[in-house]
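Taking it in order: structure first as structure tokens, then the write-up.
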Amino acid sequence: MQIEFPDGRIQSIESGMTGSDIAKSISPSLEKRAVAIALNDELKDLNVALTTGGKIRIITKDDPEGLEILRHDAAHVLAEAIKELYPETQITIGPVIEHGFYYDIHREKPLTTDDFDALEQRMREIVDRNEPIQREEWDRNEAIKFFESIGEKFKAEIIRDIPEGQVISLYRQGSFIDLCRGPHLPSTARLGKAFKLMKLAGAYWRGDSKNPMLQRIYGTAWATEDQLKQHLHMLEEAEKRDHRKLGRELDLFHMQEEAPGSVFWHPKGWTIYRELQNYIRRRISKENYVEVNTPIMVDRILWEASGHWEKFHENMFISETEDKLFAMKPMNCPCHVQIFRQGIKSYRDLPLRMAEFGCCHRNEPSGALHGLMRVRSFVQDDAHIFCEEDSITSETKAFCDLLMSVYKDFGFTDVRIKFSDRPEKRAGTDEIWDKAEGALMEAVKASGLEYTLNPGEGAFYGPKLEFVLRDAIGRDWQCGTLQVDFVLPERLDANYIGSDGEKHRPVMLHRAILGSIERFFGILIENYAGKLPLWLAPIQVVVATVVESANAYAKEVCDVLKAEGLRAEVDLRNEKISYKVRDLSVQKIQYIAVVGAKEADEKTVSVRQLGSQDQTVMTLKNFVDMMKQNSAAPA
RNA sequence: GCCGCUGUGGCUCAGUGGUAGAGCACAUCCUUGGUAAGGAUGGGGUCGAGAGUUCGAUUCUCUUCAGCGGCACCA
């Protein structure tokens, strides 16, 4: 039979040769690095005898697929180590994830991270044992019986759920045997030792909170020690830019236990926050939005009418006053409909784009809270576009353009769209959903942006687009959203007079670009590692003195900068200039204008920029001009 | 909400069954120094909260709150 190599070379081989044999025939060193073979793009174990020819590829640890196999093996070796050290443990599943793997286990007494050393030690021993990893195909019922006999109830349950007729493959290494689709390395030695157990967490069996809680052990695994080291280093770097840490270090905000999930904004953080809001104000004002503001506490009656009470009152903060029950708004839309309903609206008033930076409260589960990323009290750059049905497409397209342009101003260009359609729990008839999904789909297609489907994930009142951006260290964040809503206008009885003189229902488009400003703030801090673009920087320049005699001049320089609209401060502290430079640099102050006797005499400043050792002496006027230019916010 | 871990001055962290310590920060003084930490002195903590065990608890136990890591959730 014939095989074809990736370079197009064709070779005849004997039936029954294994991937290993083929690799060895090319070069022994290739065989050593090999982890699997791809036959017509289907991955197979190296030690499986090939019976048909085709295109082959030797997969090594350096291939993405090879790394996956390696990580999968790491999971198996972990499971083997667990069973050896703690035989009473039941094992469940152990898949590959980004950067590594995990294994979910079940046992009475939970493991702790103190057990990690022993586990890693045992894993290394298993690697040293070089146990051959052997694939076996089992009869379904035999396999179920087998796993039940050794007390692995979870495994038996998994097999029961595998459709009849599908091959049940087990992999054996030493005395350990596990259900697995494969492929796997030929032996445990090939895993190498570039792995590390990372953390311990709880996870529900089959991801369902009604099921028992298992223990999940996370690990990372790499082809080489170097890659492992690099990965650990990357994690350290990510930790350094954690917005919670930087928020404290840069004195931007804090949170405390008396107000879990809510933010105390410090002057510097609030400056950034306002700058973000004002930027969005400028952008949407150009797109003919109007801004409004509506109450935070609203009578339950309105939430019942809107449908929020029924669907989400568990997550709403309630306040009882006199005989009434008020709820804090989790979103602005019902209030916006109230404004829309004031007076009679004509089709000439549409589309009406109503924006609000309203403070919303959602009683998120305690375990969901996470710094600024998930809070209970937040403000969105929210707006609702009331329009006629045939405007959905053009409004959506205009929104997508605006959103992409805004993201670009913040340096985010890698944006993906998820299209979420009707969820199980929803309001409105199927006809309405058909119409809404159809219109939104048409709009996405017209916008020309790429999208992926996200079935069943829509809002209860309509389908939605979710805009996911990727930050500087490759993490994805869902920020923007656009939702088509035929339901709320109906439930809250919004209408307008059409050109035909009749009453009609407007469509509502719920949309946000940044999403929650709190969250976007956190993303920005992490993306820029605290060094924000100058237009967002809470302090744009500090005038620092070398000697006390320059104090008056320093204040004068600072006043000039402030008069020109720059956020400037003076540093007159009784410290050496190198101390001030260090301190201000740690604070990520981007421009330091150093003034001493010389500068005071000559009416100049000596400018130092964050991240550079260079000093530039310039006239005060030139410096002000430069700062104004550099700090200009995007229009 | 669920599982696990953590909670000591503003921050980072050490420590102990006999009510606490370092560095940084802060204050005062000396120093007026030219681009990433000058020196001296000093103030500051009922060890997250509540209960229990104990002669005695920051230390051990339980409860609770919050944070962290995940899971579930995310209108």
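Because only heavy atoms are used, hydrogens play no part in the values below, and waters and symmetry mates are left out as well, while side chains stay in. To find a chain, count down the sequence lines: A is the first, B the second, and so on, and within it residues start at 1. Nothing here was measured: the structure is a model prediction, and the numbers come from that model.
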Is the distance from OP1 or OP2 of rG1(B) to the nearest side-chain N or O of Ser366(A) less than 4.0 Å? yes
Spell out yes or no: do the side chain of Ser549(A) and the base of rU32(B) have one donor N/O and one acceptor N/O closer than 3.5 Å? no
Of the candidate nucleotides rG70(B), rG38(B), rA36(B), which contains the atom at the shortest distance from the side chain of Lys576(A)? rG38(B)
Quiz question: going by heavy-atom distance under 3.5 Å, is there a donor-acceptor pair between the base of rC74(B) and the side chain of Arg374(A)? yes
Could you work out which one of rA75(B), rC68(B), rU31(B) sits closest to the side chain of Arg244(A)? rC68(B)
Of the listed nucleotides rA75(B), rG70(B), rU35(B), the one nearest the side chain of Tyr218(A): rG70(B)
Any side-chain heavy atom of Ile417(A) sitting closer than 4.5 Å to one from Glu466(A)? no
Distance-only donor-acceptor test (3.5 Å): side chain Tyr204(A), base rG70(B): no
OP1 or OP2 of rA36(B) less than 4.0 angstrom from a side-chain nitrogen or oxygen of Arg608(A), does that happen here? yes
Indicate, yes or no, whether a donor-acceptor pair under 3.5 Å links the base of rG34(B) to the side chain of Glu599(A). yes
Check if the side chain of Gln613(A) and the base of rU35(B) share a donor-acceptor pair of N or O atoms closer than 3.5 Å. no
Among rA37(B), rC74(B), rG1(B), which nucleotide has an atom closest to any side-chain atom of Pro365(A)? rG1(B)
